[in-house]
Each structure stands twice: as C-alpha cells, then as structure tokens.
There are 2 protein chains.
Amino acid sequence: MNMYLNFGKVRPHLTTRSLNPENQETPIHFISSVQPVPNALFFRRNHFPYPILTPESFTLKISGSVNSALLFNYTDFFKLPTRSTRVLIECSGNKRAYFEEKVFGEQWESGAMSEGVWKGVPLKTLLEYSGIQAGVSEVVFRGRDAGIKSSQYNHFERSLPIAKALQPDVMIAYEYNGKPLSHKHGFPFRLIVPGWYGMASVKWLNEIILIKDKFTGPFQTEDYVYYYKNGTSEQVTTNHVNSTIQQPQDKQLVKSGTHKIKGIAWTGSGVVSKVEISFDNGDSWEQVKLEITPKEYQTVPWSYPIKFHFGSEYHISVRATDSEGNTQPAEAIWNKKGYGYNAAMKISVSAE
Amino acid sequence: MNMYLNFGKVRPHLTTRSLNPENQETPIHFISSVQPVPNALFFRRNHFPYPILTPESFTLKISGSVNSALLFNYTDFFKLPTRSTRVLIECSGNKRAYFEEKVFGEQWESGAMSEGVWKGVPLKTLLEYSGIQAGVSEVVFRGRDAGIKSSQYNHFERSLPIAKALQPDVMIAYEYNGKPLSHKHGFPFRLIVPGWYGMASVKWLNEIILIKDKFTGPFQTEDYVYYYKNGTSEQVTTNHVNSTIQQPQDKQLVKSGTHKIKGIAWTGSGVVSKVEISFDNGDSWEQVKLEITPKEYQTVPWSYPIKFHFGSEYHISVRATDSEGNTQPAEAIWNKKGYGYNAAMKISVSAE
C-alpha cells in the first residue's frame with residue numbers, strides 16, 4: 001500500500017492579486033523568517049507583461065554624463081568583484097489593504113515583501129569604471145519591461161540621487177539564493193537598493209544613465225509619491241519601520257493552551273532596536289524576544305510565549321522601533337496612492 | 001535563443017488560509033466559470049489532518065437500522081449504476097471575512113467554493129440494496145478524518161434527514177472531472193449533497209449509519225448552526241442565493257475604455273432566475289446577461305459590458321434572485337459563527 005501513502009505536501013502558495021500584469025503576494029504567515037524566501041514564493045510585482053529575452057537583454061549599458069560609456073556583457077559579471085547580502089525587498093504598497101479609508105490599487109495585505117541572499121557587483125564599482133562627470137545629480141535605471149503608462153509608451157525607469165547610488169550596498173544583482181535570477185525576478189540583472197522600498201530595485205536592468213538634472217519619468221513623479229491629505233507630497237524612498245504578526249492570524253480560533261505569538265520586524269533606517277506587544281490596545285507595552293541580533297536590511301524574527309485560556313478573546317498589538325528612534329504609529333499616515341503603511345499591527349483571536 | 005523564451009506561465013494559485021489543518025481558497029477571480037475548476041485549484045477545507053490510507057479506507061459500510069448491513073469494496077463501485085453531475089460545492093463559511101461585525105474562524109473571502117463534474121453511485125441505490133427499516137429518521141455519514149473536537153476524539157460526521165438522503169441527486173462520488181478523487185478531496189469516496197453547503201458532502205466517507213433518532217455530533221449541533229443575534233438558532237443546510245463579481249476586483253485601478261464586468265451567481269433553491277447590477281448603491285437595478293441557461297446546482301456565469309471613463313469612480317453592486325423568489329439582501333444576516341454570508345456584492349473601481 002506504500003504507493004498510496006504519499007498524499008502530496010501541504011504547502012503555502014502565492015496569493016494572486018492580478019495576472020495581467022502578474023502581481024502575487026508571498027504567503028507571509030506561512031514562511032520561515034529565518035530561512036531566505038524560496039524563489040517560487042518571492043512576491044511578484046509587475047507594471048507590464050514580462051519582457052521578452054533578446055540578445056540585448058544580456059548587456060548592461062552605462063551612458064550619459066560619464067567619462068566613457070561602457071557596455072558590459074553577462075559573462076563580464078563573473079569576473080567583476082562581487083558581494084553577497086541578505087536583503088529584504090518590500091513593495092511600497094505592502095499592507096495597502098489595511099488603510100481604513102480605502103485606497104485604489106493592488107490590495108496587498110502583508111505579503112508584498114520577501115527576503116533572501118542577493119549576489120552582485122556594487123554599482124559603485126561599475127561607476128568607477130565609467131567615471132562620473134562633475135555635476136551628475138542622479139542615476140537613471142531602465143528596465144526592459146515596458147508598456148503604456150500615462151498615455152505614453154514607457155519603460156519602467158527610476159532614478160537614485162548620486163549619493164545613494166554610490167553607497168557600497170547598492171548592487172547589480174545576478175544571483176538570488178545562489179542561483180541566477182529567475183526571469184520573473186529580473187534575469188539577468190536587477191538593481192538592489194537595500195533599505196528603500198522595492199520600486200527602486202529595478203528588474204531586467206538594461207541601461208544606467210547618469211544625468212545632471214532631475215529625472216521626471218512617471219514612475220518617479222506620478223507613482224511612488226506620497227500625496228498627503230494636506231496637499232503636500234513627498235517621494236517614496238526608505239522603508240518605514242514596520243512589523244507583522246505571522247502567527248496567530250487575525251480572527252483565528254486558537255486552541256487553548258501554550259502558544260508562541262511570532263512575527264517579523266524591519267526598518268530601512270538603521271536596525272530594529274525593539275519590538276513590543278500590547279494586550280490592551282496599546283495602553284501598555286512589553287518587549288518581545290528578538291530571535292537574532294538585528295541586522296541592517298533584514299527582517300528580525302521575534303516571538304512571545306503565551307497561554308491562551310479557553311473561552312477568552314485576546315487583542316494583540318505589535319509595534320517595532322528602530323535605532324534611529326522611529327516607532328510604528330497607532331495609525332498609518334493616509335496618502336492617496338496608499339504607500340508606506342506601517343501602523344502597529346492589531347489582531348484579535350479567540351481561544352476554544 | 002529559444003531556450004530562453006519559455007518563462008513559465010502566469011497562473012493563479014490557491015490562497016492559503018491555514019496549513020494545519022490545510023485550508024486554502026480557490027482563486028475565484030481568476031478561474032473560468034465555464035470550465036470545471038481543475039482539481040489542483042479546488043478549495044481545500046479541513047477540520048483535521050489528512051487521514052492515512054489503510055485497507056479499510058477502500059470499503060464503505062452501511063449499517064444501523066437497515067435490513068442487511070453491507071460492506072462495499074472500491075471495485076464494487078465500478079459495477080454499480082452511476083451518474084455524473086456538475087455540482088458546485090460551497091463552504092458555509094464562504095465570504096465570512098465580509099461580515100462587518102467580524103466573526104472568528106477561517107477568514108474566507110469569495111473563494112471557498114469550486115465546481116466540477118462528480119461521478120458516483122446514487123446513495124438511494126445503495127440504501128435500496130441494504131433496505132431501510134421503518135422509523136429511520138436520519139442517515140449518518142462518517143469520514144475517516146478525525147481528531148480532538150470539543151475535548152473529545154471525533155471523526156468528522158454529519159447526518160442528513162432520510163428524505164434528503166433519498167433524493168436521486170445525492171451520490172457517493174468516486175471521480176472528479178473524470179479522474180479518481182484526489183486524496184485531498186476525499187479519495188476514495190465522498191458524499192455529494194448538491195444544493196447544500198459543503199459540510200454535508202463528507203470526504204473520505206467510510207461508514208453510513210441509519211438511525212431512528214437525532215444525530216447530535218459536534219459538527220451537527222455545535223458547528224454548522226446559525227446562532228442569530230436574537231438568541232435563536234438554525235441548522236446550516238441549503239446554499240443561499242449568492243453571486244460574486246470576478247472582474248474587475250474591488251478597489252482596482254482599471255484602464256479607461258471598454259470592459260466586461262463578469263462574475264457568477266448560484267443558489268441551493270431551484271435555479272438562478274436573474275442577476276442585477278446597480279451603479280447607485282442599489283437605488284436602481286438593471287439585469288445582466290446570463291451566459292448560459294441556469295441549471296440546478298451550478299454557478300451561472302454572467303457579464304455586463306461597460307465603458308469606464310478616465311478619472312471616474314464606479315460603485316458596482318450585484319445581486320442574484322432564484323426561482324424560489326430568494327434575492328440577495330443588502331446586508332447579510334449576522335450569525336456568531338459566520339455562515340451563509342450572501343449580501344449583494346459591492347465593489348468600487350477607479351478608471352485611469
């Protein structure tokens with residue numbers, strides 16, 4: 001009867017938000033926050049259909065205000081100095097579905113984020129080869145994905161201020177978790193900007209253009225801008241300090257007895273310095289245990305042991321604070337396009 | 001370069017609600033309502049871990065108040081008279097997440113339902129072989145899945161009134177979409193009770209017991225009961241008339257231009273007689289086109305052509321009515337365990 005005993009594993013899946021273009025969420029409640037997210041469960045966020053591979057896909061051009069324009073080939077990358085870093089990528093729309101005054105756009109819950117090990121060449125290294133002309137203010141990154149945006153044909157293009165571009169952590173990645181990038185995640189080249197929301201980490205990177213003025217593409221000046229209620233606006237850049245309760249889940253019927261409340265915390269500013277839990281809607285807070293020493297650009301797993309009593313309801317809030325003194329607020333700052341949600345997470349469970 | 005052109009299909013996945021036991025939702029917004037749901041995307045709803053297959057799994061025992069107790073083998077089923085019917089199975093917790101006063105339990109959205117073609121032996125046929133003693137009031141169905149429930153070791157067991165059990169549509173299915181049932185969906189035998197919520201369609205069916213009194217197992221008298229606010233309660237039985245908008249999705253940014261609003265409607269009472277759409281929060285309604293002639297136990301695909309204008313917001317409500325005169329209400333009837341949600345579905349989209 002052995003042939004009958006393999007029933008297929010019980011495993012989590014991506015949560016489908018849209019298929020055209022493909023937008024799918026990591027099943028954040030069901031992944032280990034200690035292991036890197038497997039490529040198959042890495043969240044997918046696209047503005048356009050997947051680009052077709054052509055011979056030009058395997059080159060990376062550096063041009064604009066440089067001393068010498070350069071064209072790198074895919075194989076050149078294996079000869080250049082590399083670094084490997086474990087880095088979280090979080091979509092700036094992560095948790096958009098939680099805004100109480102609802103916002104149009106992909107209704108991401110907590111899983112528009114994934115973390116793993118990226119290997120690549122520091123952008124700084126490449127820019128040192130090409131040279132940087134005096135007066136360069138921004139570096140523009142062009143992906144091969146393209147389509148109609150704001151009534152015009154546009155590539156996905158984003159810029160970084162030159163100072164940010166020269167930070168040694170910013171890299172052109174060509175491997176994820178020890179394997180070449182998958183096509184869906186930017187093969188062959190993806191910019192990785194640790195500590196910034198995911199829109200900065202341009203996939204299918206094909207051209208790098210140094211400029212002396214301001215880049216005004218639609219993904220820089222229309223999308224990925226916080227439009228606040230008071231009429232002001234601001235570029236989306238650094239990940240806000242944030243945390244997610246992975247288990248239990250909101251409105252779960254838990255078994256009475258001993259449990260661990262567990263989750264993750266992260267920030268784009270320094271490192272997570274503490275994570276606190278409240279059982280009285282934020283009147284009093286208690287620190288939870290961080291499972292690892294917090295590191296820059298990485299989520300910190302945390303846990304809190306608890307005994308749930310039969311018939312009781314529990315209201316659980318969690319908030320993180322980072323080394324720059326930022327703490328998750330009780331309410332997120334509403335903005336028209338729904339970016340950067342980071343209110344303290346609140347759930348309730350009932351024990352049976 | 002052809003080797004590079006196969007990038008992997010863009011496809012929808014089950015939405016993971018829990019893994020232990022496994023509860024996953026059909027990606028209802030992304031399936032064709034004309035094709036049967038493929039087995040891999042059929043929603044999974046479990047109370048216990050998957051049962052282990054043993055030689056006894058391949059038998060089906062009929063006992064209790066019968067003239068002769070019978071033991072059928074799996075292979076017997078291939079010799080018995082069969083029928084094939086396309087039948088929707090909808091979990092009674094489908095749409096629980098939409099109750100405005102939140103309810104504890106799996107937070108199903110609209111995908112705790114799937115439809116396909118079941119082949120099996122009418123239960124009536126088997127009961128005619130065993131004979132039914134005078135005074136039989138209920139038929140109890142025992143699944144092989146078991147565990148602690150209400151502080152006791154219990155199998156998943158449910159009963160049907162004898163009159164319902166003898167309806168010719170109630171069958172012991174052993175195939176889904178032309179293949180043996182998969183282990184996760186009840187292999188080798190699953191009761192199918194068309195028109196009733198899914199808890200009645202017992203998986204891994206192993207024993208059928210005819211009784212002359214009332215069955216009081218916990219899945220009959222504690223769970224799957226509507227506990228209303230006024231203190232009254234009622235068994236969960238027939239699927240409420242219901243509908244779901246598949247496309248567009250709530251809070252979607254749609255491209256301006258011509259679209260089809262599309263979705264499905266269904267009922268456990270007769271057939272769907274009309275589906276209506278409103279753009280003014282239910283003040284006025286207009287009938288949409290049903291894509292097929294409504295059939296009992298099946299979802300009806302419907303569609304409505306529309307032109308979305310740049311910069312406009314649309315508030316879209318949809319409600320179905322069935323041949324017994326039931327119409328989806330504006331608000332669902334709240335009940336403590338969150339069953340039978342069937343309020344008219346409301347979404348809003350913004351055109352860009």
Side-chain angles (χ1 to χ4, degrees), chain A residues 1 3-8 10-22 24-25 27 29-30 40 44 46 49-55 57-58 96-97 102-107 148 150-151 182-184 187 247-255 310 313 337-338 348-352, chain B residues 1 3-8 10-22 24-25 27 29-30 40 44 46 49-55 57-58 96-97 102-107 148 150-151 182-184 187 247-255 310 313 337-338 348-352:
Chain A
M1 306 286 294
M3 57 183 277
Y4 295 112
L5 292 176
N6 181 4
F7 301 143
V10 175
R11 58 193 176 87
H13 296 280
L14 293 167
T15 301
T16 310
R17 298 283 167 220
S18 67
L19 293 180
N20 183 22
E22 184 175 20
Q24 305 212 46
E25 193 164 320
H29 297 286
F30 306 102
R44 300 175 186 168
N46 291 284
Y50 289 106
I52 303 271
L53 274 182
T54 66
S57 308
F58 293 88
R96 180 180 288 130
K102 292 295 179 192
V103 168
F104 289 100
E106 295 294 334
Q107 295 298 298
I148 300 297
S150 306
S151 312
S182 67
H183 184 72
K184 288 195 172 180
F187 178 80
Q247 291 293 336
Q249 291 178 267
D250 193 23
K251 298 294 172 298
Q252 191 175 328
L253 284 167
V254 295
K255 300 266 175 254
F310 183 88
E313 282 187 19
K337 296 205 170 189
S348 53
V349 301
S350 178
E352 60 171 12
Chain B
M1 304 285 293
M3 58 183 279
Y4 296 113
L5 291 176
N6 180 6
F7 302 143
V10 176
R11 59 192 174 88
H13 296 280
L14 292 168
T15 301
T16 310
R17 298 282 167 220
S18 67
L19 292 180
N20 183 23
E22 184 174 20
Q24 304 211 47
E25 194 163 320
H29 298 285
F30 305 102
R44 300 175 186 168
N46 290 284
Y50 288 106
I52 303 271
L53 272 183
T54 66
S57 308
F58 294 88
R96 179 180 288 130
K102 292 294 179 192
V103 168
F104 289 100
E106 295 295 332
Q107 294 299 297
I148 300 297
S150 306
S151 312
S182 67
H183 183 70
K184 288 195 172 180
F187 178 80
Q247 291 293 336
Q249 291 178 265
D250 193 24
K251 299 293 174 296
Q252 190 175 328
L253 285 166
V254 295
K255 301 263 174 258
F310 182 89
E313 283 186 19
K337 296 205 169 188
S348 54
V349 301
S350 178
E352 59 171 12

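We name chains A, B, ... by the order of the sequence lines, and we start the count at 1 in each one.
Heavy atoms closer than 4.5 Å to chain B are found in the side chain of A:Gln107, but not in its backbone. Of the atoms belonging to A:Asp250, it is backbone heavy atoms, and not side-chain ones, that fall under 4.5 Å from chain B. Looking at A:Ser57, neither its backbone nor its side chain comes within 4.5 Å of chain B, counting heavy atoms on both sides. If you measure heavy-atom distances from A:Arg96 to chain B, you find no contacts under 4.5 Å at all.
Here the side chain of A:Thr16 pairs a donor or acceptor atom with the backbone of B:His13 at under 3.5 angstrom. No donor-acceptor pair closer than 3.5 Å links the side chain of B:Glu22 to the backbone N or O of A:Pro12.
Between chain B and the residues A:Arg11, A:Glu106, A:Glu25, the most heavy-atom pairs under 4.5 angstrom are made by A:Arg11. Of the listed residues A:Arg44, A:Gln249, A:Arg17, the one with more heavy-atom pairs under 4.5 angstrom with chain B than any other is A:Arg17. Heavy-atom pairs under 4.5 Å with chain A were tallied for B:Pro27, B:Gly105, B:Ser150, B:Ser151; the largest tally goes to B:Gly105.
Rounded to the nearest 0.5 angstrom, B:Lys337 NZ and A:Leu253 CG are separated by 7.5 Å. The CG atom of B:Leu19 sits 11.5 Å away from the NE2 atom of A:His29 when rounded to the nearest 0.5 Å.
A heavy-atom distance below 4.5 Å is found between the side chains of A:Glu313 and B:Phe104.
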